[in-house]
Amino acid sequence: MNSSIGQASVDATSESTAPVLSIEGLHVQLPQGSERAYAVEDVSYSLAPQEILCVVGESGSGKSLTARAVMGLLPAPYVNYEKGRILFQGEDLTQASDERMREVRGSDISMIFQEPMTALNPVMRIGDQIDEVIRFHVKLPRRARRELALSLLEDVHLPDPPRIMNAYPHELSGGQRQRAMIAMALALEPKVLIADEPTTALDVTTQAQILHLIRELQAKHQTGVLFITHDIGVVADIADRVAVMQHGRIVEIDTVDKVLNDPQHEYTRALIDAVPGLVPRAVKTDSGEAILQVRQLVKTYRSGGRFLGIGKAHKEVHACDHVDVVLNESETLGIVGESGSGKSTLARCIVRLHSTDSGEIIYRGQDLCPLERAAMRPYRSKIQMVFQDPYASLNPRATVGRILTEGPRIMGESRREADDRAREMLELVGLDSRAFDRYPHEFSGGQRQRIGLARALAMRPEILVADEPVSALDVSIQAQVLALLADIRERLQLSMVFITHDLRVAAQVCDRIAVMRLGKVVEQGPTATLFEQASHPYTQELLDAIPGRDWSRRRVLAQQA
Amino acid sequence: MAFWRRFCRNRSAVIGLVILCLVILIAISASWLYPEDPFKLVGRAMSPPGENGFLFGSDTLGRDVAAGMAHGARVSLLIGLLATSVAVTLGVVLGALAGYFGGWIDDVLMRLTEMFQTIPSFIFAILIVAIMKPSINSVVLAIAVVSWPAVARLVRGEFMSMRNREFVQACHIIGMSDWRIMIREILPNCLSPIIVTGSLMVATAILIESGLAFLGLGDPNIISWGFQIGAGRTVLRSAWWVCTFPGIAIMLTVLAINLVGEGLNDALNPRLRERT
């Protein structure tokens, strides 16, 4: 589906055309006492018309701040422009007046953001918001503006433009909102479009569509696109040229082919190597018998229309709709799906955070569903969970030691035993045992995730349920945490349920995969089988939507050769 | 200490703290400064400030206004603190239960809270004191009864947002009991807003107490600022000092506590921390 996008306009990068935007020696200062002096240090790059330049880097690399500097939207007074030039069609924007910048923004240079829900005004109709952009910059009669807005919505392939014009942002889906944002950004045919992680908050299939749309419109309107992303797969699909940023500096900049297939800088290589390679794991042959069986599990959420708990709920969501999955001993079962597919609900039902409506969850012959709190307690420690958000999953007011020892102490271990075990677990997950007396905020995201893992392991579980354990982490940290998970799973002979939306990660980690959609399991099977011959069309759609799929495939072939 | 440094960045909060400390100091040393009963008639009635040995003058019966203010400071602070502690305790318990368990417990407790919130608080306080005999206990109880709903609402909101946080879910998974999760895990994370509301509530409590005493509903055996103002209001034109000085004392104390509360809010609330 998107295989053609990557190749579309390689010739657009030819240096003959004068750049529409060029940044020369840009320095952006961070507040005093920060980790480093400059958020952006001596950054220079240029953007040709009709070109897509991807700026890629991990969080804190300064990629977004560079774009904000171009827009004149640095978060003053903390972060300030220091020196360097930003030339837009020969005009230095760093010297432009506020008034001039307002003219430039929106009409000559426009921007789309990561989260369209917060970038759109929730109490204004989409049509009015587009109209506002047009009205602010050009004088046109009302009717002409409406015509223009309608044609813009048509251009971004939104269904039924007149209806969308009258809709409020919350009435649209995430992908539709992003389309509306793009329509707004392109309203005045800008020379430069800055896209700041525009697909990060979207599901993978929607992401593929939006990338396709940006490609299409960019070619049609001959816009230069500055595309900021952390996802190498997306880069492979959309970029003409790539700039790799690290610690506020550009470490490498070249055509997409050169950077991705023949990276020169060490950091670029590390970044690319950290991307899971889409090689499905070999079929596991030594997995034991079923340790956990989920049978016909139903979980429905009801909301609204109640007073004092009486009356009928008028909204029902089937989060799990007769789900059947089996986890065998010492294997990893992946639950894959897009947001709203019910995969997280399934995980929370398995660890008994949620009650279930009907169905069975059988652990070694014992159905856990009907068990009351007290009866459940002996099984609690056997099934443990690792959470998604490394910042929300640790109590900020508790020391790491307390976090790790609470569980074992509840299980009846003495303080001494629990402390020893906690220190042992810290070392097992690759942290210094001195972390014991420190607080969570003293650790980075990846380290926190290790603490979360140590907390689960301290309970001596047999089954580990990991709910998107790496999706909040940068790709290099993600690779480390995945390696750690694999190592520990092997060493402790754990069985694991691995929830993820990222098929790359799933391919690397899981022995078998169950694909969920709208609360139902649509397909399950060994990872390799699923990747090579998916039988359900939805699975195929998911596989096709993986960003950078062709690049990964070629890379694997090249490595094998 | 980082907290102290953040607090000191707010000038007005430091001024508030200084005033508050002064009031506390006077309240503590009242028995040494004015060892006699403040109700005792000690000199000529209606003496203006500075005459006949009266710093702030004397009232219609010849009682020392300054002595009354020093002793009144004790009562005001004591009632403010007591009433607030009772209200905060009650509010935290009910708010925590409602927010943590949700469902019908939440419905019942919140409808109860709303019932209290619909009655104008000062009139409600008057009613309670009038029904019971005016005494320190009844005044404290009245103020607590009209103040707890605000705390309960606040704590409920905090608990509701915390109970679905992943670290709380992690506690469920290791089999921790509900009580322990509420007290050991969630409550410490809600302390900042509770401290801020509590500190501001002390000021309100002092105001309500003064109002009640002004209306003659204070404890008749204990002198308080409100009582002094009430006693002097009839002679406001001939002896302005009888009302004025206790009035200023109330104003300064309430202002000081509000400033300190604001300062605590700035220092404890991470979202406002970056405010310059």
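All values reported here derive from a predicted model rather than from experimental measurement. Note on naming: letters A, B, ... go to the chains in the order of the sequence lines (proteins, then strands), and numbering restarts at 1 for each one.
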* Please tell me if the side chains of B:I174 and A:R380 come closer than 4.5 Å, counting only heavy atoms from C-beta onward. => no

* Whether over 12 other heavy atoms sit under 6.0 Å from A:E372 CD -> no

* From CE (B:M176) to CD1 (A:I410), nearest 0.5 Å -> 4.0 Å

* Heavy-atom contact with chain B under 4.5 Å, split by part of A:L353 -> side chain

* Structure fact -> With chain B, the option among A:I383, A:L394, A:D467 that has the most non-hydrogen atom pairs under 4.5 Å is A:L394

* **Distance in Å, A:R397 CZ paired with B:C190 SG, rounded so as to fall on 0.5 Å steps** => 9.0 Å

* Is B:I173 close to A:F387 at the side-chain level, that is, under 4.5 Å between some pair of heavy atoms? -> yes

* To do: Under 4.5 Å heavy-atom distance to chain B, tell me which part of A:M385 shows up: side chain, backbone, both or neither.
  => both

* Structure fact -> Heaviest contributor of heavy-atom pairs below 4.5 Å to chain A, chosen from B:G103, B:A170, B:S177, is B:A170

* Measure distances from B:N164 to the heavy atoms of chain A and classify the residue's part below 4.5 Å as side chain, backbone, both or neither. => neither

* To do: Would you name the heavy atoms of A:A392 and B:R165 that are closest together and state the gap between them?
  => CB-NE, 4.1 Å

* Asked: What is the distance from atom CD of A:Q388 to atom CD of B:E166, rounded to the nearest 0.5 Å?
  -> 6.5 Å

* Under 4.5 Å from a heavy atom of chain A, the part of B:R184 involved -> both

* Does some side-chain heavy atom of A:R348 sit less than 4.5 Å from a side-chain heavy atom of B:Q169? -> yes

* Any side-chain heavy-atom pair from B:E185 and A:R402 closer than 4.5 angstrom? -> yes

* With a 4.5 Å heavy-atom cut-off, do A:P396 and B:F167 have their side chains touching? -> yes

* Pairwise distance NE2(B:H172) to CZ(A:R373) - rounded to 0.5 angstrom -> 6.5 Å

* A:I403, part contacting chain B, at a heavy-atom distance under 4.5 Å -> neither

